[in-house]
Participant: 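This is the structure I want to talk about, given as structure tokens.
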Amino acid sequence: MGNFLDELSGIQREAVCFNSGPSLVVAGAGSGKTRVLTYKIAQLIEEGIRPSSILALTFTNKAAREMKDRIGKLVGDENSKRLWMGTFHSIFSRILRKESELLGFTSDFTIYDTADSNNLIKSIIKERKLDDKTYAPKKVANRISQMKNDLITAEAYRSKKEFHDYDLHQRMPLFGDLYKYYTIRCQKANAMDFDDLLLYTNILFRDHPDILAKYQNIFKFILVDEYQDTNFSQFLIVQKLANKSHKVCVVGDDAQSIYSFRGARIENILKFKENYPECKVFKLEQNYRSTPNIVSVANSLIKKNEGQIPKNVFSERKAGSPVLVMNSYSETDESLKVSQLLDKIKRQTGMRYSDFAILYRTNAQSRVLEKTLRQKGIPYRLWGSTSFYERKEILDTLGYIRLAINNNDEEAFKRIINTPARGIGDTTVGKILETAHNNDVSCWTVLSDPMTYALPVNAGTLAKLAEFKKLMDSLVAAKEEKDAYEFVEMVVHNSGMWTALNADRSPEGVSRLQNVEELLNGLSSSAAQKLEEDGEPLMVADFMAEVALMTSLDDNDTDDKVTMMTVHAAKGLEFKNVFIVGAEEELFPSVMSTGTAEGIEEERRLFYVAITRAEDFCVISYAKSRMRNGATNPSNPSRFIKDIDASMLDFSMAPDYVKLYSRVASSDEMDLHFQSLKPRHDTLNIRPTAERPQQRYHFNVEPPKIGSPATNTARNLTPLSRAEAGSIRNLHVNNNTNVKVGDKVIHAQFGMGVVTKLEGAGTPMAKICVHFQNVGEKKLILKYANIKVV
DNA sequence: ACTAATAACATTTTT
DNA sequence: TGTTATTAGT
């Protein structure tokens, strides 16, 4: 073990060793945040603190698992496994199961996932005969979630006039009712949704001071990772628990707060000092991950945000390559250029595919990229598309388990009663639901005793229901008898799922069967492991308690593949080379966020996260047009490119950027300008690790006024080759007034084409239609069209 | 009750 | 465009 503190920098060590009160560790990107957290916990254990009195909260199971492993390596597994380490949701669901009776739940309560919540809300809206256009289930679900994150219960909601006013304004006067019904239905189903896990923890601590005191005594030290992403509910839980010991250490980076849409409050970290006046602040400012070039680009961007903790992130690595800006005609072209550049870098540096990541703002962008990479034979891995536990066949299997454990689980009931098809259709299910609600009992009760409740179905259906009930009874009986693996195996076979899946010989069907097999394999090994470790078999109820909060299976795909994922999913990860694609207005930043300054700031942080994933080389790519929702629209480069000090960027692969977003008063002036600038090096000659002379050209590129590119003025230009400069001038000088239908023209971006149509000839807004060889028909405003008749 | 056709829709999503 | 959810038809 030795003294592991030697492996830390001065400030890291200070942060690790301070444990006499609250502390805030502001951890810049790549500054060794996880290292500090793990070493701090290891250090506490070294000092003789019992691991079982340390509470360490993370946001992902993966982060918890990794940290636990690393701590285990430092102080031994027998120590690390006693830690209270896990996600907020998993830790507090464990506590809630213990204390469930106090809240009117049993310890076997189900955890509803987002789909369950949505379905429940949908059925409530239907039952209430409300219009699902005005009461869009997703909107309702979102608002309920928001309210829970802010600790506003349905009861509180309905008692406040301001909320009702808001609902009137939103044309959802009955939202408060829906919230109430939803809450009641969850309670009746003995189910909590994700937000409930935190909300009920707060309620538990609020209404039962003795219970709070108990846990305050258990948790002598509290550590929170990714503190910038905590919501109010989480903030309050931490505050309550830490109220006795005051030994709370939160770690995070305000510049990487990107989950406000899920209720995260950046002010939790910004105002930590106000909440804990005696707290000590440690700033980890050295970035060990990225080159100075990348770090300064990221700094230059994030500087544009107001309200942040001042910090000076720096890197002491070699300068590295400048961040490259790349432009393309379309999303297809972009994917092609990305794959070409990727291949080129790979060849020149000898790096592996797994050293590359392609990051995008929205999942929909992955499709074109996938197509192109497949065509070019570049192996890739998609992250977080549909996770293992979101697959239908897995959810179906889990549905049986859920219903066997918690008979009141209505969502599970609805899911599996006719899966696989057993002749119990929508009408019958609808009747069961109605009967159940009219009699204020669960569906299970109606199913058990259809006669008593006069379920209006025929004898044939009745027999099918009885058959299903028999199946479920056998499962209920088995849940205590068999271990988790045996039980799930029984579920899969007795339910008829196995036969149904086996019958499907389509590739999708085969993969569904494989997924179920994978679930069984995973279960078999964790059951064996549990038996070996503590001599107890793994029971389904325990498995279910864990699995409800799992999103993905352990990723053991070690193949050499390019990683593709959303920027959100990339947080916390790092890659030698990062391509940020779709850096366009209305996409990144997303249209949805452009309305508010806070929205834009969050998008900017997201962009910051994207850049700071890169270790050696970073490319920012945008396309001039992009197909979205089936229609191709022109797109402008993201304002975030303009936010970055242009002298730090390499525009040699984005001639378009220069042409569109800088304008020159006269061609003479332009010539003059180009003479004063040295030609730029060949950007494609990329050696990510090699030292490069720092780019020190000073020029400004003003942000484009969205929607009116022609009104832009920029004093200077990015350095270009002489040839390029000449071509721009030529295009500008050309006044296009004599263009006729049938003329052959050349366009700076679209290449060769033929004029097919003229509109409003002679007027200032004259338009021209050109059929281009490569990109097809385009309509251009003649005045601004960079075309030349040939 | 199941299938096929069509209409509606479409950020990000650690749990 | 591609998916998903509802609806109409068998």
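Only this structure's heavy atoms are used, side chains among them; waters, hydrogens and symmetry mates stay out. Letters go in sequence order (proteins before strands), and every chain restarts at 1.
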Participant: Between B:dT12 and C:dA5, how far is it from one P atom to the other, in whole Å?
Facilitator: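 Their P atoms lie roughly 15 Å apart.
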Participant: For A:D195, which contact category applies under a 4.0 Å heavy-atom criterion: base, sugar-phosphate, or nothing?
Facilitator: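 Result for A:D195 = nothing.
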Participant: Please classify the nucleic acid contact of A:M592 as base, sugar-phosphate, or nothing, using heavy-atom distances under 4.0 Å.
Facilitator: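 Base contact.
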Participant: Quantified in whole Å, what is the C1' atom distance between nucleotide C:dT3 and nucleotide B:dT14?
Facilitator: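 These two C1' atoms come out 25 Å apart once rounded.
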Participant: Has A:N418 got a side-chain N or O lying under 4.0 Å from the OP1 or OP2 atom of B:dC2?
Facilitator: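 Yes, A:N418 has a side-chain N/O under 4.0 Å of OP1/OP2 on B:dC2.
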Participant: Once you round it to whole Å, what is the distance between C1' of B:dT13 and CD of A:E226?
Facilitator: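 Roughly 14 Å, once rounded to whole Å.
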Participant: Using a heavy-atom cut-off of 4.0 Å across all strands, would you classify A:G423 as base, sugar-phosphate, or nothing?
Facilitator: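 Answer is sugar-phosphate: A:G423 comes under 4.0 Å of backbone atoms only.
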Participant: Just call it for A:G425: base, sugar-phosphate, or nothing, with non-hydrogen atoms closer than 4.0 Å on any strand.
Facilitator: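 If one applies the 4.0 Å heavy-atom cut-off, A:G425 turns out to touch the sugar-phosphate alone, with no base involved.
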Participant: With P as the reference atom in both, quote the distance from B:dT13 to C:dT4 in angstrom, rounded to an integer.
Facilitator: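 Going atom to atom, P in each nucleotide, I get 15 Å.
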Participant: If we require ring centres under 5.5 Å and near-parallel planes under 30°, does A:F88 stack on B:dT15?
Facilitator: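 No; by the centre-distance and plane-angle rule, A:F88 does not count as stacking on B:dT15.
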Participant: Using a strict 4.0 Å threshold on nitrogen-to-oxygen distance, state whether A:E467 and A:K464 make a salt bridge.
Facilitator: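 Result for this pair is no, no salt bridge flagged.
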Participant: Let me know, please, whether A:A421 or A:S590 comes out on the 5' side of the other along DNA chain B by nearest nucleotide.
Facilitator: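 Looking at DNA chain B, the more 5' nearest nucleotide goes with A:A421.
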Participant: B:dT12, B:dT14, B:dT15: which one has an atom nearest the side-chain heavy atoms of A:L549?
Facilitator: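 The listed nucleotide nearest to A:L549's side chain is B:dT15.
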Participant: Where the side chain of A:R367 is defined as all heavy atoms beyond and including C-beta, which of B:dA10, C:dG2, B:dT15 is the nearest nucleotide?
Facilitator: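 The closest nucleotide is C:dG2.
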Participant: Please report the distance, rounded to the nearest Å, between CG in A:D229 and C1' in B:dT12.
Facilitator: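 Going from A:D229 (CG) to B:dT12 (C1'), I get 12 Å.
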Participant: Identify which nucleotide among B:dT11, C:dT1, B:dT13 has an atom closest to any side-chain atom of A:E603, counting heavy atoms from C-beta outward.
Facilitator: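 Between B:dT11, C:dT1, B:dT13, the one nearest the side chain of A:E603 would be B:dT11.
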Participant: Give a yes or no on whether a salt bridge exists between A:D643 and A:R639, defined as a side-chain N under 4.0 angstrom from a carboxylate O.
Facilitator: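 Looking at A:D643 and A:R639, the cut-off is not met.
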Participant: Could you tell me whether the phosphate oxygens of B:dT13, OP1 or OP2, come under 4.0 Å of any side-chain nitrogen or oxygen in A:N363?
Facilitator: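 Affirmative; the distance criterion is met.
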Participant: Between atom CD1 in A:I424 and atom C1' in B:dC2, what is the gap in whole Å?
Facilitator: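 After rounding, the gap between these two atoms is 15 Å.
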Participant: I need the CG-C1' distance between A:N142 and B:dT11, as an integer number of Å.
Facilitator: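 Atom-to-atom, A:N142 to B:dT11, this comes out as 11 Å.
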Participant: Pull out every residue in residues 109-135 of chain A that has a heavy atom closer than 4.0 Å to any atom of DNA chain B, ordered by number, or say none.
Facilitator: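 Contacting residues: A:T114, A:K133.
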Participant: Measure from CD on A:E370 to P on C:dT3 and round the result to the nearest Å.
Facilitator: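 Taking atom P of C:dT3 as the reference, CD of A:E370 is at 10 Å.
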Participant: If you assign A:R422 and A:M550 each to the DNA chain B nucleotide with the nearest heavy atom, which residue ends up on the more 5' nucleotide?
Facilitator: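 Counting from the 5' end, the first nearest nucleotide belongs to A:R422.
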Participant: Could you check B:dT12 for me: syn (within 90° of 0) or anti?
Facilitator: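 B:dT12: anti.
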Participant: Could you check whether A:T427 gets within reach of a base, just the sugar-phosphate, or nothing at all, counting any heavy atom under 4.0 Å?
Facilitator: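 Sugar-phosphate: the residue A:T427, judged by heavy atoms under 4.0 Å, touches backbone atoms but no base.
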Participant: Quick one: do A:H568 and A:F261 satisfy ring-ring contact (aromatic ring centres under 6.0 Å, His included)? Show the steps, please.
Facilitator: CA-CA 12 Å; A:H568 280 94; A:F261 67 94; 5.5 Å; yes
Participant: Please check this pair: side chain of A:D195 against backbone of A:K148, looking for a donor-acceptor N/O pair closer than 3.5 Å.
Facilitator: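 The answer is no, because no donor-acceptor pair under 3.5 Å joins these two groups.
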Participant: With rounding to the nearest 0.5 angstrom, report the OH to CG distance, A:Y182 to A:L178.
Facilitator: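 So the OH of A:Y182 and the CG of A:L178 are separated by 12.0 Å.
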Participant: Using a 4.0 Å heavy-atom cut-off, does A:T58 contact any base of the nucleic acid, only the sugar-phosphate backbone, or nothing at all?
Facilitator: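 No contact.
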Participant: Starting at atom CG of A:L198, determine the distance to atom P of B:dT15, rounded to an integer number of angstrom.
Facilitator: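 So the two atoms are 13 Å apart, to the nearest Å.
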Participant: Any Lys/Arg nitrogen of A:D333 or A:R626 sitting under 4.0 Å from an Asp/Glu carboxylate oxygen of the other?
Facilitator: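 Looking at A:R626 together with A:D333, the answer is no, because their closest N to O distance does not fall below 4.0 Å.
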Participant: Between B:dT12 atom C1' and A:M565 atom CE, what is the distance in whole Å?
Facilitator: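 Rounded to whole Å, this separation is 14 Å.
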Participant: Taking only N and O in the side chain of A:N61, is any of them less than 4.0 Å away from OP1 or OP2 of B:dT15?
Facilitator: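 Answer yes for this pair, as a side-chain N or O of A:N61 is under 4.0 Å from OP1 or OP2.
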Participant: I want to verify a distance call: between B:dT12, B:dT15, B:dT14, whose nearest atom is closest to the A:R361 side chain?
Facilitator: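 Nearest to the side chain of A:R361 among the choices is B:dT12.
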Participant: In terms of side-chain heavy atoms of A:N629, which of B:dA10, B:dT12, B:dT15 is nearest?
Facilitator: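 Comparing B:dA10, B:dT12, B:dT15 against the side chain of A:N629, the answer is B:dA10.
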Participant: Quick check for you: among B:dT15, B:dT14, B:dT13, whose closest atom lies nearest to any side-chain atom of A:F59?
Facilitator: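 The nucleotide sitting nearest to the side chain is B:dT14.
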Participant: Using the six-membered ring of A:F109, assess whether NZ or CZ of A:R97 lies under 6.0 Å from its centre and within 45 degrees of the ring axis.
Facilitator: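 Yes, cation above the ring, under 6.0 Å and within 45°.
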Participant: Taking donor-acceptor contacts at under 3.5 Å, does the side chain of A:R262 reach the base of B:dT15?
Facilitator: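 Answer yes: a donor N or O sits under 3.5 Å from an acceptor.
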Participant: Of the nucleotides B:dT14, B:dC2, B:dT11, which has the atom closest to the A:S593 side chain?
Facilitator: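 When the side chain of A:S593 is considered, B:dT11 is the closest of B:dT14, B:dC2, B:dT11.
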Participant: Applying salt bridge (Lys or Arg N to Asp or Glu O under 4.0 Å), can you list everything that pairs with A:R605, at least two apart in sequence or on another chain?
Facilitator: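 Once residues adjacent in sequence are excluded, the partners of A:R605 under the salt bridge (Lys or Arg N to Asp or Glu O under 4.0 Å) criterion are A:E602.
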Participant: For A:L359 and B:dT11, give me the distance from atom CG to atom C1', rounded to whole Å.
Facilitator: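 Interatomic distance, CG of A:L359 to C1' of B:dT11: 16 Å.
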Participant: Check whether any side-chain N or O of A:T428 sits under 4.0 Å from OP1 or OP2 of B:dA1, and answer yes or no.
Facilitator: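 For B:dA1, OP1 or OP2 has a side-chain N or O of A:T428 closer than 4.0 Å.
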Participant: State whether A:R361 and A:E603 are salt-bridged, where the test is any N-O pair (Lys NZ or Arg NE/NH1/NH2 against Asp/Glu carboxylate O) under 4.0 Å.
Facilitator: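 A:E603 and A:R361: salt-bridged.
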Participant: Give a yes or no on whether a salt bridge exists between A:K571 and A:E226, defined as a side-chain N under 4.0 angstrom from a carboxylate O.
Facilitator: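 Salt bridge present between A:K571 and A:E226.
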Participant: Measuring from the side chain of A:F261 (C-beta onward, heavy atoms only), which nucleotide among B:dC2, B:dT13, B:dT11 has the closest atom?
Facilitator: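 So the side chain of A:F261 is nearest to B:dT13.
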